[in-house]
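To start, the structure under review is shown below, and the notes come after it.
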Amino acid sequence: MTVIGVLALQGDFREHLNALSGLGVKTRAVRTVEELSAVDALIIPGGESSVIDRLTRSYGLAEPIKERLAAGMPAYGSCAGMIMLADRLENPAVSSAGLKQQTLGGIDMLVRRNAFGRQVDSFEYPLEFAGHSLDAVFIRAPEALEVGPDVQVLSTVPAPESRAQGRIVAVRQGNLLATSFHPEVTGSRAIHEFFINITQGDA
Ligand code: GLN
């Protein structure tokens with residue numbers, strides 16, 4: 001049986017573990033390289049991407065995760081997790097020592113962090129996602145500003161009138177899925193089911 005791991009260093013990993021368990025999936029919290037090697041797929045939760053980046057590298061997990069992603073491991077990132085899966089960041093956090101936040105990469109896109117404003121600007125929006133309607137929750141959410149030719153745009157929200165296209169909030173590239181919003185904090189399981197299908201090779 002497929003085991004889906006959830007990177008459990010920071011953020012709302014418990015909500016993802018609960019969502020997966022509720023769908024009857026075998027799950028495992030991933031904090032070490034050994035735990036990573038025991039999973040077939042990985043979810044990177046919402047949280048604070050600069051912290052997840054720092055912890056992932058200090059736990060020695062960044063390179064092993066990148067290797068697994070390059071080898072085709074399915075992965076899903078929500079919010080901060082979407083930022084972690086972006087090949088390029090428009091506005092990386094910079095530490096007091098001048099070090100720039102890094103990502104794991106994998107999805108050919110340029111992402112802007114906090115694209116919809118601050119925590120107080122969090123909002124819920126009714127979205128279409130792969131044939132499902134769901135209320136998506138955005139909390140200091142990122143936006144994909146540019147996507148490469150191999151990236152499929154799965155959901156957008158309306159942009160200001162000055163912009164021709166909607167703002168990209170859900171994407172897929174091969175086995176990698178990313179959403180700006182947090183399905184783990186709502187009742188809808190459409191996104192998790194979609195990801196489970198990817199891990200089974202059915203989507
Ligand atoms: N703005 C956060 C970041 O940059 C992401 C917010 C979230 O995951 N809810 O990591």
Side-chain angles (χ1 to χ4, degrees), residues 1-86 101-107 111 113 129 134 136-142 154 169-203:
M1 190 180 178
T2 305
V3 181
I4 302 184
V6 181
L7 188 64
L9 301 176
Q10 192 267 343
D12 68 348
F13 52 88
R14 289 178 197 84
E15 285 79 356
H16 279 290
L17 289 166
N18 289 340
L20 292 169
S21 307
L23 292 167
V25 173
K26 213 166 159 206
T27 61
R28 181 155 194 176
V30 171
R31 294 190 184 86
T32 64
V33 176
E34 290 69 39
E35 286 164 349
L36 176 69
S37 60
V39 302
D40 305 295
L42 187 68
I43 290 181
I44 305 174
E48 172 50 46
S49 58
S50 55
V51 176
I52 296 177
D53 163 43
R54 200 154 28 79
L55 294 176
T56 307
R57 285 188 282 132
S58 60
Y59 279 61
L61 274 167
E63 290 310 316
I65 294 175
K66 284 188 205 171
E67 282 164 21
R68 292 289 306 275
L69 294 175
M73 174 180 69
Y76 163 44
S78 64
C79 202
M82 175 178 184
I83 295 168
M84 292 302 296
L85 290 177
Q101 167 180 9
Q102 297 175 28
T103 68
L104 298 163
I107 301 183
V111 160
R113 300 172 60 230
F129 175 92
L134 50 101
V137 173
F138 293 81
I139 306 167
R140 291 187 300 125
L154 298 173
V169 295
V171 294
R172 175 183 181 180
Q173 180 175 355
N175 280 339
L176 305 181
L177 176 69
T179 64
S180 300
F181 47 93
H182 290 267
E184 69 277 16
V185 304
T186 65
S188 169
R189 291 290 168 254
I191 310 284
H192 288 87
E193 283 170 353
F194 188 87
F195 181 58
I196 292 165
N197 287 338
I198 291 179
T199 68
Q200 317 276 322
D202 296 341

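Bear in mind that the values here come from a model prediction, so they are computed numbers and not experimental data.
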Heavy-atom closest contact (A80 atom, G47 atom, distance):
CB-N, 3.5 Å
Out of curiosity, C79 SG to E184 CD, how far, rounded to the nearest 0.5 Å?
8.0 Å
With E48 as partner, the option from Q101, Q10, R113 fulfilling side chain to side chain donor-acceptor pair (under 3.5 Å) is R113
Name of the residue among I43, L55, I52 meeting side-chain contact (heavy atoms from CB on, under 4.5 Å) with L7:
I52
Is it the case that atom CZ in R14 sees more than 12 heavy atoms from other parts of the structure closer than 6.0 Å?
no
Under 3.5 Å, side chain of R68 to main-chain N/O of L36, donor-acceptor pair present?
yes
Could you tell me the separation between the CE atom of M73 and the CG atom of N175, rounded to the nearest 0.5 Å?
10.0 Å
Heavy-atom check, side chain of I4 versus side chain of F195, under 4.5 Å
yes
With rounding to the nearest 0.5 Å, note down the distance linking CG in N18 to CG in D12.
10.5 Å
Please answer whether the main-chain N or O of V3 pairs with a side-chain N or O of D40 as donor and acceptor at a distance below 3.5 Å.
yes
Please report the C-alpha distance between V33 and L61 in whole Å, then the side-chain angles of each, then the deciding distance to 0.1 Å, and finally whether the side chain to side chain contact (heavy atoms under 4.5 Å, CB included) criterion is met.
CA-CA 6 Å; V33 176; L61 274 167; 4.2 Å; yes
Within the structure provided, determine whether D53 and M84 are in side-chain contact (heavy-atom separation under 4.5 Å).
yes
Minimum heavy-atom separation for A190 and L134, please, with both atom names.
CB-CD2, 4.0 Å
Start with the C-alpha gap between Y76 and L85, add the side-chain angles, then the distance that decides, and say whether side chain to side chain contact (heavy atoms under 4.5 Å, CB included) holds.
CA-CA 8 Å; Y76 163 44; L85 290 177; 5.9 Å; no
Value for OG1 (T199) from CG (L177), rounded to nearest 0.5 Å, stands at 11.0 Å
Do T103 and V111 come close enough that some side-chain heavy atom pair is under 4.5 Å?
no
To the nearest 0.5 Å, what is the distance between CG (L69) and CD1 (I44)?
6.5 Å
Check whether any side-chain heavy atom of L154 lies under 4.5 Å from a side-chain heavy atom of V171, and answer yes or no.
no
Main chain of P183, side chain of R189: is a donor-acceptor contact present, judged purely on distance under 3.5 Å?
yes
Taking all non-hydrogen atoms of both residues, which atom of S180 and which atom of P142 are closest, and how far apart?
OG-O, 2.7 Å
If I compare all heavy atoms of G46 with all of H16, which pair ends up nearest, and what's the gap?
N-NE2, 4.4 Å
In a table with atom names and distances, give each donor-acceptor pair under 3.5 Å that connects a side chain of residues 20-31 to protein atoms at least two apart or in another chain.
from	atom 1	to	atom 2	distance (Å)
S21	OG	L17	O	2.8
R31	NE	A8	O	3.1

In terms of heavy-atom contacts, G106 and Q173 come closest through O-OE1, 3.6 Å
In terms of heavy-atom contacts, F181 and I191 come closest through CE1-CD1, 3.8 Å
